[in-house]
Amino acid sequence: MTQGLDVSLAVSPPNLSDDLGTSTRAIPALGPLLDADAIQVRDLADRITFWNPGCEGLYGLPRGAALAQDAHALLETRFPTPIEEIKAQLLTEGRWEGEVTRTTADGTEVVVAARWALRRDASGAPVEILEIGRDITAARRAEENIRRSEYRFRNVFQAMAVSFWELDFSQLAVTLAELRAQGIKDLNAHIAQNPGFVREMMRQSQVVDVNEKSLQLFGGTREDLLGPVDRFWPRSSEAVFAASVVAAVTRQSHYEAEAKFRKLDGSEFDALFTCCYPREHLPRGATLVGIIDITDRLRAQDALQKAQAELAHAARVSTLGELTASIAHEVNQPLAAIVTNGEASLRWLGRTEPDLDEARAAIQRMIDEGQRASDIISRIRAMSTKSAPEMADVPVGATIEDVTPLVRRELARHDVVLRLALAPDLPVIRGDRVQLQQVLINLMVNAIQAMEQPGVSRRDLTVRAGVQDGAVLVEVVDTGPGVPAERAGQLFNAFYTTKATGMGMGLSICKSIVEAHGGRIWVDPAEGGGSAFRFTLPVPTTA
Ligand code: ADP
């Protein structure tokens, strides 16, 4: 349509200059259509001779106020090139096109896409200039905003002290869609059954852009970094990668976790990994990833934790010392009284005429003091035995899942890969959630520590849970050195430890917690080496 209009203007419709009274009369067929555009005609001295309703609307000036005025002065027109050049072009070529800026009656600036055509008389002498203009202010402003926000984005992308990657996962999206088409809806379960699938997903995710900081952090050129991401993800971080894909698939807006990354030279570092999935990027299979090196922060945190642990240990030792002193003091008094009264009663009985009443009174005091000592002992016992579990409904699956973030740091630090294999139908049991989590953490940390032993090449930790014979069976299986059969019974005794800094309390506490829940805990050798700590928790029979 614009094209058609252009042609009609170029050929200059008859009567246009002779009959400028109204636009509708000037160009009858195109009248209403042209009113949407701002059409003006000027003589060679730029005086306005025609002004249509489109012009009135755009510039806010009625026809009467515009006619006979110098158009460029009236509208404060600013041209992209000097007006002389424009006019020269108009004379030689008969037309000109460009963007001009003008000021409307109320003082606002508008950007107008203007097309000018020169009309000549029969002898070929120039007569007047016809302009068709279109308001493109809004479009220009939108373009400018986009340009600015792109500029800001590039600035942030390049200048931040964060490694940024733009990832293209369109290939992975196809694979995931195929899985869905095959009826595989639960990605987590699929990953649990096919651990190799995480690597496959990594190979299908490509780095398509990186910023300067990424080059420093990963130690390479831009070209080195572009391509599949699996090179940068050590095995111990596979779970984080998988979780980030699950987050995207389940339409979370972003995902954040700590993970280890591998530089191009093979060395690893701790990082905070963030991933955002802007809705407008997802359809084209793009996502933005940020990686912040937190090695120094973690080192400081570790030092702090170590100091805290040492402090807690020292506090425990001194508490034990203080307790022993006060127990000795408290119990010593009744013991001394018992001895004194015993001696006294012997004296009363040893007389030639034994004083039985006095002897009886002394013996009664011995009994009272004995009772006092016994009370003190039971008070101390009550203080040291743990409080009874607070029973509530505990969903077993969620309880196990909630523990994993608590040990994630420990896993990453020791390069251990965690695999959760939870049956989908895990029930809700009656128990103390915090105490049960304590059991799991104890078993998992023990497993991680066991796999630290020299000679352990594969460090896999599996937590499995299912229902068997009316009870939940939870298994914590490692690939460590395992437990010799002859020692399997002793592990659960208090103070049994083979660690230089161990307390030997962990498993004994686990045992008392599991038994207080009506369950049983034991250790078996795991298939292919390592140990499998297993415990049961009864499932309530009534729903
Ligand atoms: P601590 O960890 O302080 O030694 P625990 O009661 O938790 O106390 O563990 C007692 C002992 O049981 C440990 O010192 C270790 O010898 C053994 N043990 C526990 N878990 C494992 C395991 N997963 N593999 C091999 N040995 C283990």
Side-chain angles (χ1 to χ4, degrees), residues 236 302 305-320 384-386 389 399-400 403-404 406-422 432 434-465 473-517 519-537:
S236 58
D302 282 351
Q305 264 177 10
K306 195 157 166 261
Q308 274 172 348
E310 277 166 8
L311 204 66
H313 183 72
R316 217 165 25 230
V317 171
S318 71
T319 316
L320 211 66
S384 63
T385 50
K386 289 167 296 296
T399 305
I400 297 175
V403 164
T404 53
L406 304 176
V407 292
R408 190 171 290 142
R409 282 278 317 285
E410 209 57 22
L411 291 166
R413 212 172 41 201
H414 296 96
D415 259 333
V416 173
V417 178
L418 172 68
R419 212 162 66 82
L420 284 187
L422 309 180
D432 184 319
V434 175
Q435 287 194 352
L436 291 175
Q437 290 187 336
Q438 211 178 332
V439 171
L440 280 164
I441 292 175
N442 254 313
L443 296 180
M444 288 166 84
V445 170
N446 270 347
I448 295 169
Q449 289 174 348
M451 289 187 283
E452 263 215 300
Q453 306 287 319
V456 175
S457 54
R458 202 162 53 90
R459 295 176 181 178
D460 287 344
L461 174 59
T462 308
V463 177
R464 215 175 284 130
L473 173 68
V474 182
E475 301 171 276
V476 178
V477 187
D478 62 55
T479 51
V483 176
E486 66 277 12
R487 284 207 275 127
Q490 296 171 302
L491 299 191
F492 298 93
N493 294 343
F495 304 118
Y496 176 88
T497 182
T498 54
K499 297 171 195 166
T501 54
M503 289 267 290
M505 290 303 290
L507 289 178
S508 101
I509 291 173
C510 290
K511 184 166 185 244
S512 53
I513 292 175
V514 170
E515 287 176 356
H517 282 79
R520 212 163 65 76
I521 184 166
W522 70 99
V523 60
D524 290 322
E527 260 175 55
S531 42
F533 281 80
R534 302 195 157 105
F535 64 92
T536 56
L537 299 166

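When a ligand or atom number is given, it counts from 1 through the structure's own listing order.
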Partner residues of Arg520 under the side-chain hydrogen bond (donor to acceptor under 3.5 Å, both in side chains) criterion, sequence neighbours left out:
none
For the residue pair Asn442 and Leu507, establish whether any side-chain heavy-atom pair is separated by less than 4.5 Å.
no
What do you reckon, is CD of Glu527 surrounded by more than 12 foreign heavy atoms closer than 6.0 Å?
no
Kindly give the heavy-atom pair with the smallest separation between Ala532 and Val477, and that separation in Å.
CB-CG2, 3.9 Å
Per side chain to side chain contact (heavy atoms under 4.5 Å, CB included), Val439 is matched among Leu537, Val474, Val514 by Val514
In order of chain and number, which residues sit within 4.0 Å of ligand 1 by heavy atom?
Asn446, Ala447, Ala450, Asp478, Gly482, Val483, Leu491, Tyr496, Thr497, Thr498, Lys499, Gly502, Met503, Gly504, Met505, Gly506, Leu507, Ser531, Phe533
Once you round to the nearest 0.5 Å, how far does OG1 of Thr479 lie from CZ of Arg458?
5.5 Å
